[in-house]
Amino acid sequence: MASLIEPRTLKGFRDYPPDLQLPREEILDKARRVYRSYGYLPMDTPALEYAEILLGKGGEETDKQLYRFRDHGGRDVALRFDLTVPFARFAAEHIHRFGTPFKRYHIGPVWRGENPQRGRYREFVQCDFDTIGTTSNAADIEVVFVIYDLLRALGLERFHIHVNHRLVLNGLLEELGLADRAVSVLRALDKYGKVGRQGVEQELRTHVGLEATQAQRILDLAEIRGTPAEILERVQLTLGNNAKAAQGLACLRQLYDVTRAAGLPDGVVQFDLAIARGLDYYTGTVYETFLTDLPGIGSVCSGGRYDNLASLYTKQVLPGVGASLGVDRLLAAMQELNLVPASYATAPVLIVFFVPDKLAVYMELATRLRRAGMGAEVYPEAKKLRDQLSYANKRGHRVAIIGGEEELAQGVWQVKDLRGQIQQTVADAEISDAVRRILLG
RNA sequence: GUGAGAGUAGCUCAACCGGCUAGAGCACCAGACUGUGGAUCUGGGGGUUGGGGGUUCGAGUCCCCUCUCUCACCCCA
């Protein structure tokens with residue numbers, strides 16, 4: 001006999017057994033529902049693209065992380081590392097068919113060849129939503145509402161949406177004469193939450209080569225804390241004279257005013273001048289969402305505004321704004337917070353297979369329940385009652401229906417509520433109602 | 001990709017300084033119980049100690065390589 005092949009998965013790639021895939025699919029379902037409720041339309045693109053489409057779009061780091069190879073036809077191809085770049089290509093090709101503004105959501109796996117950590121994988125699902133073709137701040141503001149609805153729909157209550165505006169940061173850099181070093185300065189600044197003031201200062205001084213006073217002014221701004229109104233006021237005092245910063249502040253002010261007036265609870269939105277986002281293509285509002293109880297896992301929903309999504313592929317100017325929900329990271333977080341249920345029956349009703357030659361009767365009952373909108377499964381073997389109930393209990397079924405010789409002869413069923421100890425005899429004609437009462441109760 | 005730590009049954013862990021046939025709890029399967037789940041009792045299957053090589057009379061234990069996980073760098077969902 002040939003030796004067995006060791007069953008295993010690649011580093012950073014994972015299986016999703018039912019207890020993981022079930023909550024995962026639920027996250028996706030809920031996300032879809034929220035996106036659609038805002039009018040976003042679904043779309044998808046291929047996993048594989050010509051390498052030239054993807055190269056150089058997310059900075060040199062993403063190039064290194066690209067899964068890239070030659071296909072059987074000798075084409076230079078690569079797996080997408082995010083959904084934004086393929087969307088840019090898509091928009092350049094198809095936007096004329098939809099017109100602007102165009103709102104879409106896009107759910108699919110992406111691949112990055114980086115070292116995995118908790119909540120970081122080489123294959124993971126992103127869940128993007130974007131509005132392109134408008135520069136209106138209304139679209140930026142809507143993003144906040146979407147993120148809020150999204151996390152609430154997923155059962156999360158303790159989170160904060162950190163918002164900043166690149167123009168405010170650019171204004172500061174302009175004032176300091178550092179506009180040409182924006183990328184490296186912002187990249188250093190973005191680490192504030194992780195390495196603190198000293199860490200950022202160190203990097204600004206040694207790596208970027210800033211003067212002590214320059215680094216200090218940047219950090220002083222980043223460290224402004226308080227309510228959104230307080231932050232706006234303080235930044236206004238220090239940077240209000242700069243045209244760019246003033247424009248960014250105006251956007252943030254409107255975002256704050258509108259979200260409040262439209263009913264978003266106080267405290268959800270926090271202005272955080274240290275949020276810069278590493279990706280080079282952001283130009284306006286930027287967002288990151290942190291779970292209060294699990295800040296270490298990183299942002300679970302991030303995004304921002306970009307001036308010109310598709311400039312590399314078309315001359316048409318396509319500004320856009322959107323964000324991406326990190327489904328697998330969020331799932332890891334929810335697992336850690338014990339927000340994923342342990343039992344996982346997809347159909348709440350188990351019909352016991354009792355009398356071997358009455359399979360048709362059980363199947364017919366199952367069909368009837370399903371048509372009445374209740375998931376039902378028939379146990380596949382006429383095993384001991386004890387075993388079948390034990391199965392139902394383990395899987396988390398809500399109701400077991402038992403029909404032995406006696407019940408079948410009388411045209412009744414035993415309906416067992418598995419959460420309690422209650423069992424009742426129900427006439428065949430009333431079975432749907434009886435089961436529904438338990439499921440709703 | 002670089003650096004650090006870890007890996008023993010499906011899971012959580014034990015095994016003295018390198019020394020007998022690598023153990024326990026939970027989980028799983030079967031039975032006690034041929035019409036009633038979660039409990040209890042009894043029994044059972046499971047391991048090349050992640051994989052490979054080396055040192056040694058002898059390796060789960062020491063050394064090297066490799067794989068995977070965790071953490072940090074980097075970057076990010």
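Residue numbers start from 1 in every chain, and the chains themselves are labelled A, B, ... in the order their sequence lines are given, proteins ahead of strands. Since we're looking at a predicted model, the values are computed, not measured. Both backbone and side-chain heavy atoms feed into the values below; hydrogens, waters and symmetry mates do not.
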Inset, instruction - Using the salt bridge (Lys or Arg N to Asp or Glu O under 4.0 Å) rule, collect all pairs that involve residues 354-366 of chain A, keeping only residues at least two apart or in two chains. - result: A/Glu364-A/Arg368
Inset, instruction - Determine which pairs satisfy salt bridge (Lys or Arg N to Asp or Glu O under 4.0 Å) with at least one residue from residues 397-414 of chain A, sequence neighbours left out, and list them in order. - result: A/Arg398-A/Asp417
[N] versus [M] - spacing of their [atom1] atoms, nearest Å:
N     : M     : atom1 : answer
B/A15 : B/G52 : P     : 25 Å
B/G10 : B/A6  : P     : 23 Å
B/C17 : B/C26 : C1'   : 32 Å
B/C16 : B/C73 : C1'   : 39 Å

Inset, instruction - Tell me, yes or no, whether the heavy-atom count around A/Phe13 atom CZ, taken from other residues, nucleotides or ligands under 6.0 Å, exceeds 12. - result: yes
Legend entry - Whether A/Arg80 side chain and A/Pro109 backbone form a donor-acceptor pair below 3.5 Å: yes
Inset, instruction - Please check if the side chain of A/Gln214 supplies one atom and the backbone of A/Glu211 the other of a donor-acceptor pair under 3.5 Å. - result: yes
Legend entry - Where protein sits on nucleotides 32-38 of chain B, one letter per nucleotide: B base, S sugar-phosphate only, - none, heavy atoms under 4.0 Å: BBSBBBB
Legend entry - Sugar-phosphate or base contact per nucleotide [nucleotides 65-71 of chain B; S, B, -; heavy atom under 4.0 Å]: --SSS-S
Inset, instruction - Compare every heavy atom of A/Gly403 with every heavy atom of A/Phe354, then report the nearest pair and how far apart it is. - result: CB-O, 3.5 Å
Legend entry - For A/His94, ring-ring contact (aromatic ring centres under 6.0 Å, His included) partners two or more places apart: A/Phe90
Inset, instruction - State whether a side-chain donor-acceptor pair under 3.5 Å links A/Tyr306 with A/Asp130. - result: yes
Inset, instruction - Enumerate, in order of first residue number, the stems that involve RNA chain B, defined as 3 or more consecutive Watson-Crick or G-U wobble pairs with both distances under 3.5 Å. - result: B:1-7 with B:67-73, B:10-13 with B:23-26, B:28-32 with B:40-44, B:50-54 with B:62-66
Legend entry - Euclidean distance, atom CD of residue A/Glu203 to atom P of B/C73 [Å, nearest integer]: 11 Å
Inset, instruction - May I have the distance from A/Leu66 (atom CG) to B/C76 (atom P), rounded to whole angstrom? - result: 15 Å
Inset, instruction - Please determine if A/Arg36 forms a cation-pi arrangement with A/Tyr105, meaning its NZ or CZ atom is less than 6.0 Å from the six-membered ring centre and no more than 45° off the ring axis. - result: no
Legend entry - 5' precedence on RNA chain B between A/Val327 and A/Lys383 (nearest-nucleotide basis): A/Lys383
Legend entry - Sidechain N-carboxylate O distance under 4.0 Å for A/Asp29, A/Arg32: yes
Legend entry - Side-chain-base donor-acceptor pair under 3.5 Å for A/Glu288 and B/A77: no
Inset, instruction - Measure centre to centre between the rings of A/Phe290 and A/His162, then say whether the value is under 6.0 Å. - result: yes
